[in-house]
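These notes concern the structure reproduced below.
A, B, ... follow the sequence lines: proteins, then strands. Residue 1 opens every chain.
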Amino acid sequence: MQIGYEVIWEFVRRIPRGRVSTYGQIAKLAGLFRRARFVGYALHHLPPGMPIPWHRVINARGTISFPAGSANYTEQRKLLEREGIRFIGGKVDMKRWGWPGPTSQKSPGRARATRRA
DNA sequence: ATAGTGACCGCGT
DNA sequence: AACGCGGCCACTA
């Protein structure tokens, strides 16, 4: 259970504040192409107190993977909204808050003329 | 060693 | 848009 998780945590740590990534994307960045589930496992085994922004990782559908209403769900959503991420119908607009990748680090919100109100 | 279970994903109804 | 299904793979019983 040692090796492997740390690599994933490292990438999760790079997700900028106010943005979100997906299990699949993190897996891809870490060189684990089809292993999104492994990323979920890595976060599940994340030691308490570790300075890793685990809450910035959600699933590809733009929703939180915990059961709605569960303590974990509430916690993760609170942390994300605290960073300015908005939920619409329980979903996050990945076009707007999705993290492009390690190279790009633009700030959301002010962004594009995606004439969203 | 086999079978079941997940903080998943993407494609086809 | 919501659901179902198969693919993935580490971990546990």
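- The separation between A:Leu43 atom CG and C:dA10 atom C1' is 14 Å, rounded to whole Å.
- Taking the six-membered ring wherever Trp is involved, the centroid distance between the rings of A:Tyr5 and A:Phe38 falls below 6.0 Å.
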Carefully, step by step, assess A:Ile58 and A:Leu80 under the rule side-chain contact (heavy atoms from CB on, under 4.5 Å).
-> CA-CA 10 Å; A:Ile58 60 179; A:Leu80 290 176; 4.2 Å; yes
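- A straight line from CZ of A:Phe33 to P of C:dC9 spans 13 Å, rounded to a whole angstrom.
- Between the P atom of C:dG6 and the CZ atom of A:Arg35 lies a distance of 23 Å, rounded to the nearest Å.
- Taken to the nearest 0.5 Å, the CD1 atom of A:Ile52 stands 11.5 Å off from the CD1 atom of A:Ile8.
- Atoms OH (A:Tyr73) and P (B:dG6) sit 20 Å apart, rounded to a whole Å.
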Quick one: what's the B/S/- string for nucleotides 8-13 of chain B, heavy-atom cutoff under 4.0 Å, read 5' to 3'?
-> BSB---
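- Look at A:Tyr5 and you won't find any side-chain N or O under 4.0 angstrom from OP1 or OP2 of B:dA7.
- In this structure, the side chains of A:Leu29 and A:Trp99 come closer than 4.5 Å at one or more pairs of heavy atoms.
- One finds the CD1 atom of A:Ile64 at 4.5 Å from the OH atom of A:Tyr73 (value rounded to the nearest 0.5 Å).
- One can place NE2 of A:His45 at 13 Å from C1' of C:dC9, the figure rounded to the nearest angstrom.
- Put simply, the side chain of A:Pro100 reaches to within 4.5 Å of the side chain of A:Arg19, judged on heavy atoms.
- With distances taken from any side-chain atom of A:Arg34 to the nucleotides C:dC11, B:dA7, C:dC8, the minimum falls on C:dC8.
- Atom CD in A:Gln76 sits roughly 12 Å away from atom P in B:dA7 (whole-Å rounding).
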